[in-house]
Chemist: 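This structure is in structure tokens; I'll ask about it shortly.
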Amino acid sequence: MKKKKVALLGGSFDPIHWGHLNMAKAALEHLKVDEVWFIPSNQTPLKDRVLSPAADRLAMVRLALKEDPRFKISTVDLSRNGKSYTFDTLKILKKQFPEVEFAWLMGADQANQFDQWKNADQLLEMADFAVVDRDGKEPESSRFNFKRIPMVYTPVSSSEIRKGEKINFLPESVRQYLLDHELYLVAWVSRHVSAKRLAHSASVARLCRMFAKAHGLDEHKAWLAGLFHDVAKDMPINEQKKWVAAINPAGLSEHHAIWHGYAGSEIVRRNFGIEDPVIQNAIFNHVKGTSYDPYAMIVFAADKLDPLRGYDSKPLISACMLDLYNGFMLVKRENREFLDREKRVLAEKESF
Ligand SMILES: Nc1ncnc2c1ncn2[C@@H]1O[C@H](COP(=O)(O)OP(=O)(O)O)[C@@H](O)[C@H]1O
């Protein structure tokens, strides 16, 4: 009887992306395997980074594998402690599935480090090793003569995605998982704002969550809106202007200090796939407090009451915890008075 052929793809999958899926497709096509098994690692031997929780990485792989019924998952590495050496992985799988013929898939970056792998020479006798080019680069020549297979050029790495780059290389379900489970999101915002503003954004997000909890609202939704509310604020004014011109041309006649709210509401949709109109509305209106949707009131109030602003905002925070609408109206009034004072000071300075 013909043996079943399986290609194995080990990785940290933190997160899984189209690079991995296209590798698996290449294996189906060019190695003529029946299935590809994705093996999320416990700890990667040649990388020191602390990985995201195994449960999250596994859940994301599971979602992505819906792309093809021949894609399967193996938890062989996650079910044992310590570093996930391919030598151990293959030994276990070969024993467990003696009727299966295994191939091991890897990118050129891994092939170039192969001499550092545990029992590299023995490994080559345990399975066929197949290499794909990575980032347009072929594997360097080495004493290992790997089989090479072509794959659709997919220039992305998990580390880029963790930093908030190349998010369009994520399967839709995985991108949604990241948003729902608050994975990497602080790093995504950090790419767009200064360290000081990131601290403010995280603090606002915490306050939003607290307000939402007090009023029986969706805490995660409030947190997301708070975290992203200033995503456009450190963008050059000219850039902000382009976004405003595209989504809210009427806003161009307003002072440019207002624009980052309008721009941010669209940036979260386009760059991060946050499609929730409630979140977009909260960001859009957060500068002036012009929406009475509860999430918009929360973000407006939390932004102005952020403890990091350095004034005593506790009484107003308590007011918002007690009664959101009333607290919001008080914050709005205080804010107007504050802006009027600022304007007066400015006018006095200019009259000299
Ligand atoms: N864009 C890509 N193109 C080709 N191979 C890739 C790509 N991304 C990852 N790989 C390969 O997939 C395997 C698992 O990689 P992993 O460590 O999970 O992801 P990453 O390298 O993106 O952090 C490795 O063999 C790696 O070389």
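Here, residue 1 is the first one in the sequence, and each next residue gets the next number.
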Chemist: Begin from the C-alpha positions of His192 and Phe272 and carry the test ring-ring contact (aromatic ring centres under 6.0 Å, His included) through to its verdict.
Modeler: CA-CA 12 Å; His192 293 263; Phe272 303 109; 5.5 Å; yes
Chemist: So does Leu31 get a backbone contact from the side chain of Lys5, meaning a donor-acceptor N/O pair under 3.5 Å?
Modeler: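 A pair under 3.5 Å: yes.
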Chemist: Dump the intermediate steps for side chain to side chain contact (heavy atoms under 4.5 Å, CB included) on Met329 and Tyr325, then the final yes or no.
Modeler: CA-CA 6 Å; Met329 292 309 281; Tyr325 177 77; 3.7 Å; yes
Chemist: Kindly compute the distance separating CD (Glu29) from CG (Asn22), expressed to the nearest 0.5 Å.
Modeler: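 That separation rounds to 11.0 Å.
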Chemist: Yes or no on ring-ring contact (aromatic ring centres under 6.0 Å, His included) for Phe38 and His20, after CA distance, side-chain angles and deciding distance?
Modeler: CA-CA 9 Å; Phe38 289 69; His20 302 123; 7.6 Å; no
Chemist: Measure up the Phe284 and Tyr262 rings against each other and bin them: parallel (under 30°), tilted (30 to 60°), perpendicular (over 60°).
Modeler: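 The arrangement is tilted - the two ring planes meet at 30° to 60°.
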Chemist: Classify the ring geometry of Trp188 against Tyr184: parallel below 30°, tilted from 30° to 60°, perpendicular beyond 60°.
Modeler: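 Rings of Trp188 and Tyr184: tilted, 30 to 60°.
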Chemist: Apply ring-ring contact (aromatic ring centres under 6.0 Å, His included) to Phe144 and Phe129, showing your working.
Modeler: CA-CA 10 Å; Phe144 306 105; Phe129 279 72; 9.0 Å; no
Chemist: Could you check Met151 against Lys25 for side chain to side chain contact (heavy atoms under 4.5 Å, CB included), going step by step and ending with a plain yes or no?
Modeler: CA-CA 8 Å; Met151 92 169 225; Lys25 287 184 179 191; over 6 Å; no
Chemist: Within a radius of less than 6.0 Å around NZ of Lys72, do more than 12 heavy atoms belonging to other residues, nucleotides or ligands occur?
Modeler: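 For Lys72, atom NZ is crowded (more than 12 foreign heavy atoms under 6.0 Å).
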Chemist: Which heavy atom in Lys304 sits nearest to a heavy atom in His286, and how many Å separate them?
Modeler: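 Heavy atoms of Lys304 and His286 come nearest at NZ-O, 3.3 Å.
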Chemist: Please determine whether the number of non-hydrogen atoms from other residues, nucleotides or ligands lying under 6.0 Å from atom CG of Asn81 exceeds 12.
Modeler: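 Not more than 12 within 6.0 Å, no.
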Chemist: Please step through side chain to side chain contact (heavy atoms under 4.5 Å, CB included) for the pair Ile267 and Trp243, ending with a clear verdict.
Modeler: CA-CA 8 Å; Ile267 287 173; Trp243 287 91; 3.6 Å; yes
Chemist: Does atom NZ (Lys3) have a neighbourhood of more than 12 heavy atoms from anything else shown, all under 6.0 Å?
Modeler: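 More than 12 within 6.0 Å, yes.
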Chemist: I need the minimum non-hydrogen distance between Val244 and Ala263, along with the two atoms involved.
Modeler: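 Answer, listing the atom of Val244 first, then Ala263: CG2-N, 4.4 Å.
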Chemist: Could you walk me through whether Trp223 and Phe211 pass ring-ring contact (aromatic ring centres under 6.0 Å, His included), step by step?
Modeler: CA-CA 10 Å; Trp223 180 85; Phe211 288 156; over 10 Å; no
Chemist: Does the ring of Tyr85 carry Lys118 above it, NZ/CZ under 6.0 angstrom from centre and within 45° of its axis?
Modeler: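 Satisfied, under 6.0 Å and within 45°.
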Chemist: Group every Ile, Leu, Val, Met, Phe, Trp and Tyr by side-chain heavy-atom contacts under 4.5 Å, then state whether Val268 and Val278 land in the same group.
Modeler: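 No, Val268 and Val278 fall in different hydrophobic clusters.
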Chemist: Which pair of heavy atoms, one from Pro171 and one from Glu67, lies closest together, and at what distance?
Modeler: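 Smallest interatomic distance, heavy atoms only, reads CB-OE2, 4.3 Å.
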Chemist: What is the minimum heavy-atom distance between Glu160 and Lys166, and which atoms define it?
Modeler: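 That would be OE2-NZ, 3.1 Å.
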Chemist: Please check if the side chain of Asn119 supplies one atom and the backbone of Phe87 the other of a donor-acceptor pair under 3.5 Å.
Modeler: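 Not confirmed, Asn119 side chain does not pair with Phe87 backbone.
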Chemist: Out of the candidates Glu35, Glu99, Glu101, only one should pair with Lys4 under the salt bridge (charged side-chain N to carboxylate O under 4.0 Å, His left out) rule; please name it.
Modeler: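 Filter result, single survivor: Glu35.
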Chemist: Between Lys221 and Tyr295, is NZ or CZ placed under 6.0 angstrom from the six-membered ring centre and within 45° of the ring axis?
Modeler: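 Yes, Lys221 sits over the ring of Tyr295.
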Chemist: Step through the shown structure and confirm whether more than 12 heavy atoms of other residues, nucleotides or ligands are within 6.0 Å of CD on Glu140.
Modeler: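 Incorrect, the count does not exceed 12.
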Chemist: Between Ser313 and Leu305, which heavy-atom pair has the shortest distance, and what is it?
Modeler: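 So the minimum-distance heavy-atom pair works out to OG-O, 2.9 Å.
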Chemist: Taking atom CG of Asp340 as the centre, does the number of heavy atoms from other residues, nucleotides or ligands within less than 6.0 Å exceed 12?
Modeler: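 More than 12 heavy atoms, drawn from other residues, nucleotides or ligands, come within 6.0 Å of this atom.
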Chemist: Would His260 and Asp230 count as a side chain to side chain contact (heavy atoms under 4.5 Å, CB included) here? Give the steps.
Modeler: CA-CA 7 Å; His260 70 278; Asp230 265 352; 3.2 Å; yes
Chemist: If you measure from CG on Asn281 to OG on Ser265, what distance do you get to the nearest 0.5 Å?
Modeler: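 Reported value, rounded in 0.5 Å steps: 8.5 Å.
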Chemist: Which atom pair, heavy atoms only, marks the closest approach of Leu198 to Val193?
Modeler: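 That would be N-CG2, 3.7 Å.
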Chemist: State the OG-NZ distance between Ser157 and Lys163, to the nearest 0.5 angstrom.
Modeler: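 If I round to the nearest 0.5 Å, the distance is 7.0 Å.
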Chemist: Taking the inter-plane angle between the rings of Trp117 and Trp104 on a 0 to 90° scale, is it parallel (under 30°), tilted (30 to 60°) or perpendicular (over 60°)?
Modeler: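 Perpendicular, since the angle between the ring planes exceeds 60°.
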Chemist: Look at atom NZ of Lys241 and say whether more than 12 heavy atoms of other residues, nucleotides or ligands are closer to it than 6.0 Å.
Modeler: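 At most 12 heavy atoms, drawn from other residues, nucleotides or ligands, come within 6.0 Å of this atom.
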Chemist: Please check: side-chain N/O of Arg175 versus main-chain N/O of Ile167, any donor-acceptor pairing under 3.5 Å?
Modeler: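 Such a contact is absent between Arg175 side chain and Ile167 backbone.
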